[in-house]
Amino acid sequence: MRRLFFIIAGLGVLLASPSPAFAKVNVFACSPEWAALSEEIGGDLVEVKSATNARQDVHHIRAKPSLLAAMRKADLVFCTGASLEIGWLPILIKKSGGPNVQPETIGWLMASDYVQKLEVMSNVDRSMGHIHPEGNPHIHLDPHNIATVADVLAERLMLLDEANAATYQQNLKSFQDRWAGLIAQWEADAASLKGRKIVVYHNAWAYLVEWLGLEVTATLEPKPGIPPTASHLETVLKQVQGKDVQAILVSPYEDEDAAEWLSDKSNIPVVHMPFTVGGNDKAGSLSALFDETLRLLKQGS
Ligand SMILES: [Zn+2]
């Protein structure tokens, strides 16, 4: 009997602490695009929590207790960086105290550190609004950036979970093969969009604009992070008149009143873009996000 007790107790210990080969890597992603990429590269080997959904503005969320709990068990924090999450991520990191996910550890991956950033500024002061001095952080709408970040992510997962390195390598290869084909298709498909003029709410489209050769005629925010004002909108209306602007792009989390006002006065259609994975019911994956983005941009043609 005594012996049986020890066997059962021993089993209990085994069950309570699964061997590392069976433990999933917990990824704390700040936004849906990084959560989706983690699932592409990590497959069944990762457990992914996205801190935000597509209807939330990743610049501004509350560091709520459920996020703190997710952060405490994270093996990898996978975010954009370049100050995008500066209003809440440092608080979570500090409070969670998790030694594995502090800056400069292998559990810390800021996607924007690995891509060429646009709009890097040398002289920044508060009068310029809520700007990101390290450059524009909204890197995910250029699929070449996604490919670059996928490589870094796979490397990181291989370090964190060496036992499964071959699987991550394989997942990366099949992702990159498929992605390269998709990029070629998207670029061929979007050739007609070159030079197309758009109005945006926030300067979150810079990488898409650069990738496709679009032109931003005006921004509804007078300064980054500052909501549209009546006088600024009057200026925007003058800027767009006679310019053949095709669309006013709005993300799911942005207030559409200003866009609607401008649309009424100018007859330029408001186009509701998904912006990230899950931003509309068709944009359910990274590739679908780009399919949808292109489809919606071309709709006006
Ligand atoms: Zn921003």
Side-chain angles (χ1 to χ4, degrees), residues 14 16-52 58 67 69-82 84-85 89-90 92-93 96-117 134 137 139-184 207 276-277 284-290:
L14 271 178
S17 53
S19 70
F22 294 99
K24 292 197 180 197
V25 177
N26 283 300
V27 179
F28 180 102
C30 284
S31 41
E33 65 275 14
W34 305 136
L37 188 59
S38 303
E39 272 156 11
E40 298 271 2
I41 307 300
D44 293 342
L45 299 171
V46 296
E47 186 77 46
V48 183
K49 159 84 185 170
S50 181
T52 56
V58 72
L67 293 180
M71 178 65 79
R72 285 208 169 105
K73 61 173 200 173
D75 303 301
L76 177 65
V77 172
F78 180 22
C79 297
T80 298
L84 179 61
E85 302 96 349
L89 186 60
L92 283 181
I93 295 280
S96 80
N100 303 331
V101 292
Q102 297 296 319
E104 313 301 330
T105 63
I106 60 164
W108 177 263
L109 173 49
M110 297 296 122
S112 69
D113 289 349
Y114 300 90
V115 305
Q116 180 100 46
K117 283 186 287 300
E134 303 93 327
I139 62 165
H140 70 282
L141 286 176
D142 178 341
H144 296 281
N145 287 347
I146 299 282
T148 304
V149 176
D151 282 342
V152 182
L153 172 64
E155 242 171 63
R156 219 47 95 75
L157 289 170
M158 287 188 264
L159 285 172
L160 287 162
D161 183 15
E162 282 175 47
N164 291 305
T167 308
Y168 296 118
Q169 187 70 59
Q170 185 52 47
N171 292 353
L172 176 68
K173 189 182 177 324
S174 58
F175 176 78
Q176 294 290 28
D177 288 350
R178 191 169 56 87
W179 200 247
L182 287 168
I183 289 181
Y207 295 82
T276 185
V277 177
S285 66
L286 276 172
S287 62
L289 167 64
F290 284 94

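In this chain, residues are counted from 1 in sequence order.
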Contact check, side chains of F175 and I146, non-hydrogen atoms, under 4.5 Å
yes

Pair N145, Y207: side-chain N/O donor-acceptor within cut-off below 3.5 Å:
no

Okay, side chain of W179, backbone of P143: is any donor-acceptor separation there less than 3.5 Å?
yes

Check whether any side-chain heavy atom of T148 lies under 4.5 Å from a side-chain heavy atom of Q116, and answer yes or no.
no

Show the numbers, then the answer: is there a side-chain contact (heavy atoms from CB on, under 4.5 Å) between S287 and R178?
CA-CA 10 Å; S287 62; R178 191 169 56 87; 4.1 Å; yes

Given side chains that start at C-beta, do those of L109 and V149 come closer than 4.5 Å, heavy atoms only?
no

Are the side chains of W34 and V27 in contact, using a 4.5 Å heavy-atom criterion?
no

Check whether any side-chain heavy atom of F28 lies under 4.5 Å from a side-chain heavy atom of L92, and answer yes or no.
yes

Donor-acceptor pair, K24 side chain versus D44 backbone, under 3.5 Å?
yes

If you round to the nearest 0.5 Å, how far is CD of E155 from CD1 of I41?
12.0 Å

What distance do Q169 atom CD and M158 atom CE have between them, rounded to the nearest 0.5 Å?
4.5 Å

Would you give the length of the straight line joining atom OG of S285 to atom CD of E39, rounded to the nearest 0.5 angstrom?
11.0 Å

Does CD belonging to Q102 count more than 12 external heavy atoms closer than 6.0 Å?
yes

How far does NZ of K49 sit from NZ of K73, to the nearest 0.5 angstrom?
9.0 Å

How about L286 and V277: do any of their side-chain heavy atoms sit closer than 4.5 Å?
yes

Heavy-atom donor-acceptor pair, R156 side chain to W108 backbone, under 3.5 Å:
yes

Could you grab the distance from atom CG of L172 to atom CG of L157, nearest 0.5 Å is fine?
10.0 Å

Under 4.5 Å between any side-chain heavy atoms of L160 and Y168, yes or no?
no

Please tell me if the side chains of L89 and M110 come closer than 4.5 Å, counting only heavy atoms from C-beta onward.
yes

Out of V48, D161, L45, which residue meets the side chain to side chain contact (heavy atoms under 4.5 Å, CB included) rule with V25?
D161

Treating E85 as the side-chain partner and T80 as the backbone partner, does any N or O pair qualify as donor plus acceptor under 3.5 Å?
yes

Does the N26 side chain pair with the main chain of A74, one donor and one acceptor, at a distance under 3.5 Å?
no

